[in-house]
Amino acid sequence: MDLRNIAIIAHVDHGKTTLVDELLKQSGAFRENQAVAERAMDSNDLERERGITIFAKPTSVEWKGTRINIVDTPGHADFGGEVERILSMVDGVVLLVDAAEGPMPQTKFVTSKALALGLRPIVVLNKVDKPDAEPDRALDEVFDLFANLDANEDQLDFPHMYASGRSGWADHELDGPRKDLHALFNLIVNHVPRPKQIAKQDDDFRMLATTLGADPFVGRLLTGRVESGRLKVGQTVQTLSRLGEKIEQFRVTRIQAFRGLAQQDIEEALAGDIVSLAGMTKSTVADTICALAVDEPLEAQPIDPPTITVTFGINDSPLAGRDGKKVQSRVIRERLMKEAESNVAIKVTDTPGGEAFEVAGRGELQMGVLIENMRREGFELSISRPQVLFREIDGTRHEPVEEVTIDVDDDYSGAVIEKLTGARKGELVEMKPAGSGKTRIIAHVPSRGLIGYHGEFLTDTRGTGVLNRVFHEWAPHKGEIPGRRAGVLISMENGTSVAYALWNLEERGKMFIGAQEPVYTGMIIGEHSRDNDLEVNPLKGKKLTNVRASGTDDAVRLTPPTIMSLEQAIAYIDDDELVEVTPNAVRLRKRYLVPHERKRQARAS
């Protein structure tokens, strides 16, 4: 069977997974009466809850005698490491661009990676049926983007289509019949070249592992494209590291190919196909699985380095061990090492003492997803504020700078620009009208200045603004950037919060907890209305007397507390604070004893 390998790349929420759904349906991958969930490729619970793709996942369809292997990739910049690995497996890409928004930061990021590999993209202008769609403007912006990324003449002469992934059609002309995706299938078959590896089927077997998975019955599964030769079940192969060191020799127990949404066992893998292998015990991502006669590893694509680091530690609060079962540092370390093995964008290092671990990654969302997965698995953790990683370049300290693209109502653009270019040391690059009373702002802002900014941004724009960010460059250190301005309200007692006490504390600031919640000394229960921290007593009940008089017994009506998500909590805390994460709760607390507790211990001693 003829073969094509493609990846679908785009900015977050531009419709990749929805388009793959339609490609699967119209190719006959599902039975007519088969029940299929929306966004079928987003199989992970977190992906379905958040509506974003986190893990790159291959699938395949058959079209007129050609098998098309399709890889659905993440759109968020924090998961760019997944995209960088996947592009080395394919021979072409379908670049999806929202016809209303045009190219966005992640579009630029993934396109630059694809062009650097020499791939010739197919551009699909998606969501052209939206009321505010401007497909001609979006197409011009895509061409300008390609030119700015130094695309060659073949890449600049890209084919383009107009589509609506949700409605399931794609046409060469904007006013086409709008029936189905047949034209897109035909364009993929005609434009994307056959894998050049097919010509090497008689050579020795080689395959570069690009993703690592696990099966409860089979064990480790390594997925990649067969670069040369052929492999049969039961054959003995070896694994070489990037440096050519022999890691292990093993017998292949299973070969699985992607067929629709399922993986199907096959007897033989041929050069050019994307398959998963089982049988190894030590091999991992970026290793070369090859025949015993091979002694040179395949070259692995370099991955962009991490830009932030977060400290994962044991939960040592007074409430530790009540919710989770996995609380020891040894268990936490094993889980983090397992994550770093399968996710090449994450690096884990031990801290002195071995009680905490430095985890370096791409962004707050990537860290948030890892922590959320761990808490669902029963872990209890304490998490520090994200810190930016610095580099020494030519003897000068450099820091990561991100390109921030913001779509905001015209009325709020002044406040946004003032925040970004003022204390946060950003530089305004471009500002232009985006239609429908909105302004698009593009700025280069140090990563340090963006930690904790998203909450302020939503407040400044009354929840209507959209902020996207992607790594831009390493730039000389831009000096001091102030952190959070407001202080916090800190509990000075252990116990259960009382509604009457919280009611009286509301004039001091906004609350993070409600009544009848467990609190302890040092726990942060709210944000102070001023810039200093304040110790308060959330356990103080009303003094009862036998006197009843009109006007003295006011009804206690609490303002609903501000409930932070995990990412919001991590971005909110200051350097001397921690986030306590358990399967059932996310709490904020001070890293060290508050003055009240220090005095109490001094008196006791």
Side-chain angles (χ1 to χ4, degrees), residues 5 55-58 69 71 73 79 81-90 195 197 200-201 203-258 263-303 333-349 359 370 373:
N5 294 325
F55 306 104
K57 291 173 286 292
N69 286 321
V71 187
T73 62
F79 309 110
E82 293 278 317
V83 182
E84 292 169 67
R85 288 182 292 164
I86 291 302
L87 290 179
S88 64
M89 282 203 308
V90 299
Q197 290 79 10
K200 302 178 182 178
Q201 288 189 358
D203 296 351
D204 290 328
F205 172 76
R206 288 183 179 87
M207 185 184 106
L208 183 68
T210 51
T211 62
L212 173 67
D215 184 283
F217 305 104
V218 183
R220 294 166 78 89
L221 283 169
L222 281 173
T223 303
R225 178 175 63 180
V226 181
E227 295 295 327
S228 64
R230 54 185 68 206
L231 180 71
K232 292 186 176 181
V233 175
Q235 191 172 327
T236 301
V237 293
Q238 64 176 345
T239 307
L240 302 178
S241 71
R242 297 182 191 185
L243 302 176
E245 300 163 346
K246 186 174 178 181
I247 297 174
E248 65 175 326
Q249 189 172 308
F250 65 93
R251 178 176 167 272
V252 178
T253 57
R254 186 171 289 188
I255 304 174
Q256 293 184 334
F258 296 89
Q263 284 186 269
Q264 181 179 314
D265 286 350
I266 59 175
E267 287 301 313
E268 185 178 34
L270 302 175
D273 206 357
I274 296 174
V275 295
S276 298
L277 306 182
M280 72 290 297
T281 57
K282 300 176 184 175
S283 310
T284 187
V285 172
D287 291 341
T288 299
I289 302 170
C290 55
L292 299 178
V294 175
D295 55 5
E296 285 287 327
L298 293 166
E299 184 180 351
Q301 277 293 318
I303 303 296
R333 184 181 188 279
E334 287 174 3
R335 175 64 177 83
L336 291 175
M337 291 303 177
K338 181 181 174 184
E339 182 71 24
E341 186 178 30
S342 60
N343 189 343
V344 292
I346 281 181
K347 301 284 185 289
V348 180
T349 54
V359 181
L370 171 58
N373 280 326

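Note: hydrogens, waters and symmetry copies are ignored here, and every other heavy atom, side chains too, is used. Just so you know, residue 1 is the first one in the sequence shown, and it goes up from there. This one's a predicted model, so the numbers in the text were calculated from it and none came from an experiment.
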**Request:** Could you grab the distance from atom CG of D287 to atom CG of L298, nearest 0.5 Å is fine?
**Result:** 11.0 Å
**Within-4.5 Å side-chain heavy-atom neighbours: I86 and T211** = yes
**Prompt:** At what distance, to the nearest 0.5 angstrom, does OG1 of T288 lie from CZ of R206?
**Reply:** 9.0 Å
**Asked** With no hydrogens and no angle check, do the side chains of E227 and Q197 hold a donor and an acceptor under 3.5 Å apart?
**Response** yes
**Asked** What is the minimum heavy-atom distance between L208 and E299, and which atoms define it?
**Response** CD2-O, 3.8 Å
**Item:** Residues E334, K338: salt bridge by 4.0 Å N-O rule
**Value:** no
**Complete:** Here the gap from M207 atom CE to T239 atom OG1, rounded to the nearest 0.5 Å, amounts to 9.0 Å
**Message:** Please check this pair: side chain of N373 against backbone of L370, looking for a donor-acceptor N/O pair closer than 3.5 Å.
**Reply:** no
**Message:** With side-chain contact (heavy atoms from CB on, under 4.5 Å) as the criterion, how do V294 and F205 come out once you've worked through the C-alpha distance, each side chain's angles and the decisive distance to 0.1 Å?
**Reply:** CA-CA 8 Å; V294 175; F205 172 76; over 6 Å; no
**Heavy-atom pair of closest approach, residues P297 and R242** = CG-O, 3.5 Å
Show which side-chain atoms of residues 272-282 pair as donor or acceptor with protein atoms under 3.5 Å away, not counting sequence neighbours.
from: D273; atom 1: OD1; to: N69; atom 2: ND2; distance (Å): 3.0
from: S276; atom 1: OG; to: T223; atom 2: OG1; distance (Å): 2.6
from: S276; atom 1: OG; to: Q263; atom 2: NE2; distance (Å): 3.1
from: T281; atom 1: OG1; to: E248; atom 2: OE1; distance (Å): 2.9

**Fill in**
What one should report as the nearest heavy-atom pair of A257 and I266 is CB-CD1, 3.8 Å
**Request:** Supply the atom-to-atom distance E268 CD to L270 CG, rounded to the nearest 0.5 angstrom.
**Result:** 5.0 Å
**Request:** Indicate yes or no for a side-chain donor-acceptor contact from R220 to the backbone of S283 under 3.5 Å, with no hydrogens or angles considered.
**Result:** yes
**Request:** Heavy atoms only: give me the nearest K232-I255 pair and the separation to one decimal.
**Result:** C-CD1, 3.8 Å
**Item:** Atom pair CG (L292) and CD (Q238), whose distance is rounded to the nearest 0.5 Å
**Value:** 5.5 Å
**Prompt:** Looking at V237, D204, L240, D295, which one forms a side chain to side chain contact (heavy atoms under 4.5 Å, CB included) with C290?
**Reply:** L240
**Message:** Show the nearest heavy-atom pair for residues I346 and V359, with the distance to one decimal.
**Reply:** CG2-CG1, 3.9 Å
**Asked** Any sub-3.5 Å donor-acceptor pair from S228's side-chain atoms to K200's backbone N or O?
**Response** no
**Message:** What's the separation between atom OG1 in T284 and atom CD1 in I247, rounded to the nearest 0.5 Å?
**Reply:** 8.0 Å
**Message:** Taking A291's backbone N and O only, do any of them form a donor-acceptor pair with Q235's side chain (distance below 3.5 Å, no angle check)?
**Reply:** no
**Request:** Apply the test side-chain contact (heavy atoms from CB on, under 4.5 Å) to residues L231 and V226: give CA-CA distance (whole Å), side-chain angles for both, the deciding distance (0.1 Å), then the verdict.
**Result:** CA-CA 9 Å; L231 180 71; V226 181; over 6 Å; no
